[in-house]
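Computed from a predicted structure; not experimentally measured. Each chain gets a letter, A, B and so on, in the order its sequence line appears, and its residues count up from 1.
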Amino acid sequence: MQVSSIELDSVSKRFGSVEVISELSLTIHSGEFIAFLGPSGCGKSTLLRMIAGLESVDGGEIRIGGERVDRLPPGARGVAMVFQHYALYPHMTVFDNLAFGLRNIGTAEDEIARRIEEAARILEISHLLKRKPGQLSGGQRQRVAIGRALVKDPKAYLFDEPLSNLDAALRVRTRVELARLHQQTRATTIFVTHDQVEAMTLASRIVVMNARKVEQVGTPMEIYGRPATEFVARFVGSPAMNFLPVQVNDRGGLASAVLGDGSIIDTHVPVAALPGGDLRVGVRAEAIRVRPDGALPGKVEVVERLGDRTHLHIRLMDGSTLVAEDTGISQVQPGDAVRLAVEGATAHLFDAGGLAYHARQ
Amino acid sequence: MAASEHIVGRGIGNKLILFSVILVAIMWMLPIAWTLLLSFKPNSELMISTASAFHPPYTIKNYTDIFQSSGVFRWLWNSAVVSIGVTVGILVLSSLAGYGFARAEFKGRDIIFVLVLLGLAVPEQAVIIARHQMFSDLKMHNTYPAIILPGLSSAFGVFLMTQYFKAIPKDIDEAAMLDNASRFKIFWKVLLPLTIPAQATLGIFSFLGAWNDYLWPLISATKPEMFTITVGMASTQTNFAQSEGLGFLMAQAIFAGLPVFIVYLFFQKYIVRAVAGAAIN
Ligand SMILES: Nc1ncnc2c1ncn2[C@@H]1O[C@H](COP(=O)(O)OP(=O)(O)OP(=O)(O)O)[C@@H](O)[C@H]1O
Ligand SMILES: [Mg+2]
């Protein structure tokens, strides 16, 4: 097996006059499962296709396993890609789909057969090898597409939203299988998605992208627990993080945030690090609970029951809104007046530019 | 197969449609049946009245007479060479041009494509004198290339193949690129096989068109040994063919249409699909 690191060194890409990727640098370690996460149109696919060689690079360098590849044709880069719409060859059998790439580099037929047999066993598609793609279900096609990558024993796997065409149940199952597959192969993998759950569950590190640039690179828990920017905080996590404008007082070196209605959230963010100007506090719904002794009064507007928990959309006294979390068996009704307790330890502060300030670790 | 289930399976509305389709089909068939019937009648009887067609005597003399005219096999051969030449040429050129228009990026591509499409709007008659002059200057009349070459510029073929290649997702090319396939291999092994239905459609229409073509072969081929079957058959007809040799005329028509009929038998599936496809798209 030949696993390689991938390095992007201030790569840029423009389509006509529009810059889609701007001076982006990133190192993906050998054997890592990394997710590119971001909203539609932020350039995830473009970046992936630049690595694959399907899109030219306008500036910067791409290295795979230390070797510069950004001038090499796609086939010479030693990577395999799984496309969103599978892109199987419709007129070839599953076997020939898997064999095509190997034949093109002159692999011996018995070696091809051996590799296909093994890949088919892993992916449980052995019984489908004689069929054509048109005779397969979406999930089976997906497996064949993965198989086509697997048999090549590539330096890296590139996935472009591979699960987005599957129904919900199959998506979850395939997700687990991809995780298992990666544990077996330990191959460098880049996985493009706009689904935060996929990114969180699969990736060892997530690259959160927004309009041409990287917002944050980190483990799923870093991205969730210590979002670098307001964009990341809003994009990752469901429901999105609550943002409320605050004044900050110094309370023994830590920031004490005063809300519009005068109630106080004691954060663990060091005051010394904070800039001047407008600040907002960012709190996730699960850190806001309904408690009789809560400091923050509000009125319940909408109750969303998810079974295991309940989201309460609440209007505060100063007119701002937030989402709080309650247990699944919550008795709260729309219109109820409630008091909320905010867990200050997990609260973040954001400056006017959207930059985040966290509690000390 | 699915279509017939559909028609059989539904109620009175579909029966009505089926009935009218059969009616139209009969109307189409009648002239052919009439031609066939007359072709087996002695010319002398038909001179008096075509009503005699419904009772004996019948004869195959009209058909044997066709073979009396010495050129007929040569003309069939010429037609075959020309039709196959035109068909193969159109398929090769249209596929390459279609791939180019659909996949290659080059300056002026869209303008050139529009120019090609304009070719659809130019009737052959409008250019035929200039074309005749050109082949005269080249001293090429009475050769196969002279009869075949003008037929190769198929605006329809280029258009059809371009649309067909465009409809194939680019993902497929890209997957093949990542599979280390060269550009030619992608064209030949991956994309071209996917265009087979279009090739069949285009091939059949091109073959039938070339086989039935009359005007250009008539003008370009002046020596009897270079006649195609359509031109040759016409050349054997006398001034009074309608009245004196009606049965013979009909036999000629049947005979000249026979290869087309055979092509149809072999490719019926594709023709039906082609026509249906043209109607749906
Ligand atoms: N071939 C192209 N020509 C011009 N613009 C392009 C081209 N391909 C992509 N773009 C633009 O580049 C930007 C990034 O596109 P990209 O496909 O990388 O987004 P994405 O993050 O993958 O989005 P999605 O989640 O919708 O797939 C978009 O604004 C898109 O319109
Ligand atoms: Mg994309």
Side-chain angles (χ1 to χ4, degrees), chain A residues 15 45 48-56 69 72-93 96-107 112 132-134 141 144-152 154-162 165, chain B residues 1-3 91 95-96 98-99 102-110 160-203 267 269-270 273-274 276-277 280-281:
Chain A
F15 290 115
S45 297
L48 192 77
R49 292 162 55 79
M50 286 162 78
I51 297 169
L54 298 174
E55 216 69 81
S56 64
V69 297
L72 295 182
R77 299 188 181 194
V79 298
M81 183 156 164
V82 176
F83 292 81
Q84 181 174 357
H85 301 282
Y86 318 134
L88 300 176
Y89 311 123
H91 58 300
M92 296 186 198
T93 62
D96 289 334
N97 263 279
L98 301 191
F100 187 67
L102 296 175
R103 285 183 182 141
N104 287 339
I105 53 171
T107 313
I112 292 177
K132 299 230 173 118
R141 281 179 217 183
V144 175
I146 295 170
R148 191 167 61 181
L150 204 59
V151 293
K152 286 201 264 189
K155 291 180 186 156
Y157 290 85
L158 311 178
F159 289 90
D160 193 354
E161 310 219 15
N165 281 330
Chain B
M1 162 190 77
L91 289 183
S95 299
L96 289 170
Y99 173 77
R103 285 299 199 263
E105 310 221 333
F106 54 91
K107 255 215 171 79
R109 179 182 69 179
D110 296 345
L160 182 76
M161 293 316 296
T162 301
Q163 295 311 106
Y164 217 85
F165 276 111
K166 270 190 183 159
I168 301 173
K170 278 221 176 77
D171 284 12
I172 304 253
D173 303 48
E174 292 176 346
M177 277 192 229
L178 282 158
D179 266 347
N180 269 295
S182 64
R183 188 153 198 158
F184 178 75
K185 195 165 209 169
I186 294 173
F187 171 73
W188 186 249
K189 282 265 176 82
V190 178
L191 298 182
L192 207 56
L194 297 179
T195 66
I196 285 175
Q199 307 276 357
T201 307
L202 183 58
F267 293 99
K269 194 176 79 181
Y270 289 102
R273 209 184 287 160
I280 291 163
N281 295 333

Segment of [X] engaging chain B (4.5 angstrom heavy-atom cut-off):
{"X": "A:Val79", "value": "both"}
{"X": "A:Leu102", "value": "neither"}
{"X": "A:Arg77", "value": "neither"}
{"X": "A:Ala76", "value": "backbone"}

Exercise. Salt bridge or not for A:Asp96 and A:Arg103, using N-O below 4.0 Å?
Worked result: yes

For this session: May I ask you to test the A:Met81-A:Leu54 pair for a side-chain heavy-atom distance under 4.5 Å?
Result: yes

Exercise. Under 4.5 Å between any side-chain heavy atoms of B:Leu178 and A:Phe83, yes or no?
Worked result: yes

For this session: Pick whichever of A:Arg49, A:Met92, A:His85, A:Gln84 has the most heavy-atom pairs under 4.5 Å with chain B.
Result: A:Arg49

For this session: Could you tell me which portion of B:Lys185 (side chain, backbone, both or neither) has an atom closer than 4.5 angstrom to a non-hydrogen atom of chain A?
Result: side chain

Problem set entry | Residues forming a side-chain hydrogen bond (donor to acceptor under 3.5 Å, both in side chains) with B:Asp179, sequence neighbours excluded | A:Tyr89, A:Lys152

Output a table of donor-acceptor pairs, distance under 3.5 Å, between side-chain atoms of residues 186-195 of chain B and any protein atom two or more places apart or on a different chain; print 'none' if there are none.
{"unit_1": "B:Thr195", "atom_1": "OG1", "unit_2": "B:Leu192", "atom_2": "O", "d": "2.7"}
{"unit_1": "B:Thr195", "atom_1": "OG1", "unit_2": "B:Gln199", "atom_2": "NE2", "d": "3.0"}

